[in-house]
Amino acid sequence: MAAKPAEITLQSGLRYMPGRLGRDEQEKLVDTIRDIVARAPLYVPVMPGSGRPMSVRMTNCGPLGWVTDKDRGYRYQANHPTTGEPWPDIPSVLLDLWRDLSGHSKDPEACLVNFYTDKAKMGLHQDRDETDLAAPVLSISLGNTCLFRIGGLERTDRTKSLRLESGDIFILGGEGRLCYHGVDRIYPGTSTLLKAGGRINLTLRRVNP
Ligand code: SIN
Ligand code: FE2
């Protein structure tokens, strides 16, 4: 029998599960994400106020999706910002993972799909647009390895960097729910999962209590 993958607690509420998903599971998940993207195309999110485009492209699945634009800022909404269609359902494989790992009784309402080219990154930020901060955020990495940075509850707190690889799961919950985090870089050529390179990150979120 395969050994149970390790779970490392970085600090209270921050759970790191390297290699949690095997190659088969990762491939199936990528196929599922392709179906979602076919129905809810990736779009370029822009920063509130400045309207500056982010380098990551995004879409969502679930009853709600996280979006951002120049005028209305960060928020959750039920429809895709460019097609106006409801987001596709969260695939059952992701609901199962959430039920297994989150320790939260209610299902996620949003799955944000972030697509990073090998040049994309994401600045240090908190996930704080959810009303229910008792639920964790569960993050899944697919494709090329990234340099993930995780800090504390203040932007100026000391940060740690770790390489998140394809199949890794990272959970921000409990006392770590509002820790600052970001992606400093993607390492090209570190995974064969995505034929065109880059990285996909999925985050499952519960929005409402
Ligand atoms: C995010 O914070 O939304 C994404 C984190 C990641 O890409 O690992
Ligand atoms: Fe985040």
Side-chain angles (χ1 to χ4, degrees), residues 8 10 13-21 26 29-30 33 37 42-48 53-62 64-68 73-76 87 90 94 97-98 101-102 108-130 132-133 135-155 157 159-174 176-188 190-191 193-194 197-207:
I8 298 159
L10 296 185
L14 297 182
R15 299 160 62 196
Y16 169 40
M17 300 169 201
R20 181 65 178 71
L21 301 178
Q26 296 174 39
L29 208 39
V30 171
I33 300 306
V37 169
L42 292 166
Y43 68 94
V44 178
V46 304
M47 305 289 285
M54 297 173 74
S55 59
V56 173
R57 287 181 291 152
M58 293 183 177
T59 189
N60 289 269
C61 53
L64 293 172
W66 187 88
V67 298
T68 168
Y74 303 148
R75 63 191 186 276
Y76 283 91
W87 305 104
I90 299 179
L94 293 178
L97 270 176
W98 172 273
L101 300 177
S102 72
E109 294 166 290
C111 175
L112 174 64
V113 179
N114 288 320
F115 178 75
Y116 297 77
T117 62
D118 287 335
K119 290 191 177 345
K121 49 191 166 185
M122 188 179 289
L124 209 62
H125 67 277
Q126 289 173 301
D127 290 0
R128 56 178 311 155
D129 301 315
E130 301 72 30
D132 185 5
L133 294 173
V137 170
L138 187 157
S139 148
I140 301 166
S141 294
L142 296 166
N144 282 339
T145 300
C146 79
L147 187 62
F148 181 72
R149 194 191 322 197
I150 178 87
L153 300 179
E154 304 291 336
R155 182 177 285 281
D157 285 349
T159 63
K160 277 195 268 274
S161 291
L162 59 149
R163 285 171 169 69
L164 291 182
E165 297 180 7
S166 198
D168 291 357
I169 291 186
F170 196 94
I171 297 181
L172 293 92
R177 174 63 179 76
L178 288 175
C179 283
Y180 276 86
H181 58 281
V183 172
D184 288 334
R185 62 166 298 192
I186 307 293
Y187 296 99
T190 43
S191 164
L193 188 71
L194 305 174
R199 170 175 183 262
I200 294 171
N201 171 258
L202 309 174
T203 45
L204 293 164
R205 296 126 183 265
R206 176 82 203 173
V207 180

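Start at 1 and go down the list; that is how both ligands and their atoms are numbered.
In this structure the side chain of Leu101 reaches within 4.5 angstrom of the side chain of Met17, judged on heavy atoms. At least one side-chain heavy atom of Leu164 sits less than 4.5 Å from a side-chain heavy atom of Tyr16.
A pairwise comparison of heavy atoms in Thr68 and Val46 identifies OG1-O, 2.7 Å as the closest pair. Between Met122 and Tyr116, the shortest heavy-atom distance links the atoms CE-OH, 3.4 Å. The shortest non-hydrogen separation linking Leu172 to His181 is CD2-ND1, 3.7 Å.
For the pair Gln126 and ligand 1, no heavy-atom separation below 4.0 Å is found.
Counting heavy atoms closer than 4.0 Å to ligand 1, residue Phe170 contributes nothing at all. Under 4.0 angstrom from ligand 1, the non-hydrogen atoms of Arg205 all belong to its side chain.
Applying the 4.0 Å criterion to heavy atoms of His181 picks out, from ligand 1, the atoms 2 (O). Taking every heavy atom of Met122 and a limit of under 4.0 angstrom, the matching atoms of ligand 1 come to 1 (C), 2 (O), 3 (O), 4 (C). Residue contact check: Val183 has heavy atoms under 4.0 Å from atoms 6 (C), 7 (O), 8 (O) of ligand 1.
Judged by distance alone, the side chain of Arg205 and the main-chain N or O of Asp127 form no donor-acceptor pair under 3.5 Å.
Within His125, the N/O/S atom positioned nearest the Fe ion (ligand 2) carries the name NE2. Between the Fe ion (ligand 2) and the N, O or S atoms of Asp127, the shortest distance is to OD1.
Considering Asn60, Ile200, Val56, Ile140 as possible partners of Val113, the one that fulfils the side-chain contact (heavy atoms from CB on, under 4.5 Å) test is Ile200. When Arg149, Lys121, Lys160 are each tested for a salt bridge (Lys or Arg N to Asp or Glu O under 4.0 Å) with Asp184, only one passes: Arg149.
Between the side chains of Asn201 and Ser139, at least one donor N or O sits under 3.5 Å from an acceptor N or O.
When only non-hydrogen protein atoms are considered, atom 8 (O) of ligand 1 lies nearest to Arg199 NH2, 2.8 Å. Ranking protein heavy atoms by distance to atom 5 (C) of ligand 1, first place goes to Asn201 OD1, 3.7 Å.
Nearest residue to atom 7 (O) of ligand 1 from Tyr116, Phe148, Trp66, Tyr180 is Tyr116 (criterion: closest heavy atom).
For a threshold of 3.5 Å applied to N or O pairs, the pair formed by Asp127 and ligand 1 contains no separation below that value. At under 3.5 Å, not a single nitrogen or oxygen of Ser141, backbone or side chain, sits near a nitrogen or oxygen of ligand 1. Residue Asn114 places at least one N or O, backbone or side chain, under 3.5 Å from an N or O of ligand 1. The shortest N/O to N/O separation between Thr203 and ligand 1 does not fall below 3.5 Å.
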Checklist entry - Glu165 and Ser191: side-chain contact (heavy atoms from CB on, under 4.5 Å), yes or no, with the steps? => result CA-CA 8 Å; Glu165 297 180 7; Ser191 164; over 6 Å; no
